[in-house]
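Atoms within each ligand, like the ligands themselves, are counted from 1 in listed order.
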Amino acid sequence: MIQDCLFCGIVAGTVPSVKVAEDDATYAFMDINPASEGHLLVVPKRHSTDLLEISADDLAAVTLAGQRIAKVAVRALGADGVNLLNCCGADAWQTVFHFHLHVIPRYVDKERDRLGMPWVPTPGDREAIAAAGATIAEALG
Ligand code: AMP
Ligand code: ZN
């Protein structure tokens, strides 16, 4: 538990939330600014800042809880699909610095779904793609 962490407060119950599920390691609750009908967040109960810091055990627990809840949410809400999203770092759109996985049910019906692609995929430069791939593969060893 980190003082002044919003999601630690939600896990502890000192900050209100619309709870969806919980288990020993995770807590799931509705997002207050939903991108679609049913948009929720899954967090580890133990504080970690982001994807780069979270332990393998907590990451596995959050991911498995996210999948379990996504399956049920899609069926219960009649969604047409679902996105799982994590933002890591302010420049990657992270605004709350307690790791969280967004579970965002998706709908053909745009009245239920406000989420859009933030970029239009266009072919990249082949040499630049290969160079970045080589850098990452080499760093992985
Ligand atoms: P991110 O930008 O990936 O860090 O996502 C943070 C998310 O937390 C946003 O989608 C917010 O709408 C959501 N959020 C912020 N405060 C609360 C809150 N008190 N209860 C539920 N969701 C929240
Ligand atoms: Zn926290």
Side-chain angles (χ1 to χ4, degrees), residues 1-126 128-141:
M1 166 101 191
I2 300 281
Q3 288 295 329
D4 300 329
C5 172
L6 179 63
F7 288 174
C8 280
I10 285 179
V11 169
T14 55
V15 175
S17 68
V18 177
K19 175 180 154 181
V20 171
E22 77 177 307
D23 58 28
D24 286 351
T26 72
Y27 186 88
F29 57 100
M30 301 309 291
D31 195 302
I32 47 165
N33 304 303
S36 72
E37 192 179 314
H39 180 178
L40 61 97
L41 303 171
V42 187
V43 303
K45 288 185 172 175
R46 186 177 18 209
H47 179 91
S48 57
T49 303
D50 60 26
L51 179 71
L52 303 184
E53 187 189 287
I54 190 170
S55 71
D57 283 351
D58 279 347
L59 179 60
V62 168
T63 305
L64 291 173
Q67 185 201 32
R68 185 176 75 82
I69 295 166
K71 280 185 187 174
V72 173
V74 164
R75 198 169 52 240
L77 297 173
D80 303 301
V82 60
N83 284 116
L84 299 187
L85 173 71
N86 170 253
C87 303
C88 178
D91 291 329
W93 306 334
Q94 187 174 5
T95 58
V96 178
F97 292 87
H98 177 131
F99 181 89
H100 49 283
L101 188 63
H102 295 258
V103 177
I104 310 174
R106 303 302 310 278
Y107 305 90
V108 173
D109 178 358
K110 290 306 155 201
E111 290 204 355
R112 305 177 77 189
D113 189 328
R114 297 190 288 130
L115 190 63
M117 284 282 270
W119 96 105
V120 180
T122 49
D125 177 77
R126 285 187 187 204
I129 293 169
T135 300
I136 296 166
E138 196 179 319
L140 285 167

J.: When you measure from the side chain of Arg46 to the backbone N and O of Ala25, does any donor-acceptor pair fall under 3.5 Å?
T.: no

J.: Once you restrict to heavy atoms under 4.0 Å, what part of Leu85 touches ligand 1? Side chain, backbone, both or neither.
T.: neither

J.: Rounded to the nearest 0.5 Å, what separation is found between the CG atom of Leu101 and the OG1 atom of Thr26?
T.: 10.5 Å

J.: For atom 4 (O) of ligand 1, what is the closest protein heavy atom, and at what distance to 0.1 Å?
T.: Thr95 N, 2.7 Å

J.: Determine whether the aromatic ring centres of Phe7 and Tyr27 lie less than 6.0 Å apart.
T.: no

J.: Judged by atom type as modelled, is there a donor-acceptor pair below 3.5 Å linking the side chain of Gln94 to the main-chain atoms of Thr49?
T.: yes

J.: Can you name the atoms of ligand 1, numbered from 1 with element, that are less than 4.0 Å from a heavy atom of Val96?
T.: 4 (O), 6 (C)

J.: Starting from the Zn ion (ligand 2), look over the N/O/S atoms of His98 and name the nearest one.
T.: ND1

J.: Heavy atom under 4.0 Å from ligand 1: found in Trp93's side chain, backbone, both, or neither?
T.: backbone

J.: For Phe7, take its heavy atoms, then give the atoms of ligand 1 lying under 4.0 Å from any of them.
T.: 8 (O)

J.: For the pair Asp57 (side chain) and Ala60 (backbone), establish whether a donor and an acceptor sit closer than 3.5 Å, ignoring hydrogens and angles.
T.: no

J.: Which N, O or S atom name in His47 marks its closest approach to the Zn ion (ligand 2)?
T.: ND1

J.: Which ligand 1 atoms does Gln94 reach within 4.0 Å, using its non-hydrogen atoms?
T.: 4 (O)

J.: Side chain, backbone, both or neither: which applies to Val15 and ligand 1 if a contact is any heavy-atom pair less than 4.0 Å apart?
T.: neither

J.: Give the residue and atom name of whichever protein heavy atom lies nearest to atom 5 (O) of ligand 1, and the separation in Å to one decimal.
T.: His100 NE2, 3.0 Å

J.: Using the benzene-type ring in the case of Trp, are the ring centres of His98 and His100 under 6.0 Å apart?
T.: no

J.: Short question: side chain of Arg106, backbone of Leu115 - any donor-acceptor pair under 3.5 Å?
T.: yes

J.: What protein heavy atom sits nearest atom 14 (N) of ligand 1, and how far off is it?
T.: Ile32 CG1, 3.9 Å

J.: Taking only heavy atoms of Cys87, which atoms of ligand 1 are found under 4.0 Å from at least one of them?
T.: 3 (O)

J.: Determine whether a donor-acceptor pair (N or O, by modelled atom type, separation under 3.5 Å) exists between the side chain of Thr14 and the backbone of Gly9.
T.: yes

J.: Using only atom types and a distance under 3.5 Å, with no angle test, would you say the side chain of Asp80 pairs donor to acceptor with the backbone of Val108?
T.: yes

J.: Please work out whether any backbone atom (N, CA, C, O) or any side-chain heavy atom from C-beta onward of Phe99 is under 4.0 Å from ligand 1, and answer side chain, backbone, both or neither.
T.: neither

J.: What is the nearest protein non-hydrogen atom to atom 11 (C) of ligand 1, stated with its residue, atom name and distance?
T.: Asp31 OD1, 3.4 Å

J.: Examine ligand 1 and decide if any of its atoms is less than 4.0 Å from a heavy atom belonging to Phe97.
T.: no

J.: I'd like to know if the side chain of Lys19 reaches the main chain of Pro16, judged simply by a donor and an acceptor atom lying under 3.5 Å from each other, with no hydrogens or angles considered.
T.: no

J.: Any chance CG of Asp91 has more than 12 other-residue heavy atoms, nucleotides or ligands included, within less than 6.0 Å?
T.: no

J.: Provide the number and element of each atom of ligand 1 under 4.0 Å from a heavy atom of Asn33.
T.: 11 (C), 12 (O)

J.: Identify the protein heavy atom lying closest to atom 3 (O) of ligand 1, giving its residue, its atom name and the separation to 0.1 Å.
T.: His102 NE2, 2.8 Å

J.: Starting from atom 16 (N) of ligand 1, locate the nearest protein heavy atom and write down its residue, its atom name and how far away it is, to 0.1 Å.
T.: Leu6 CD2, 3.3 Å

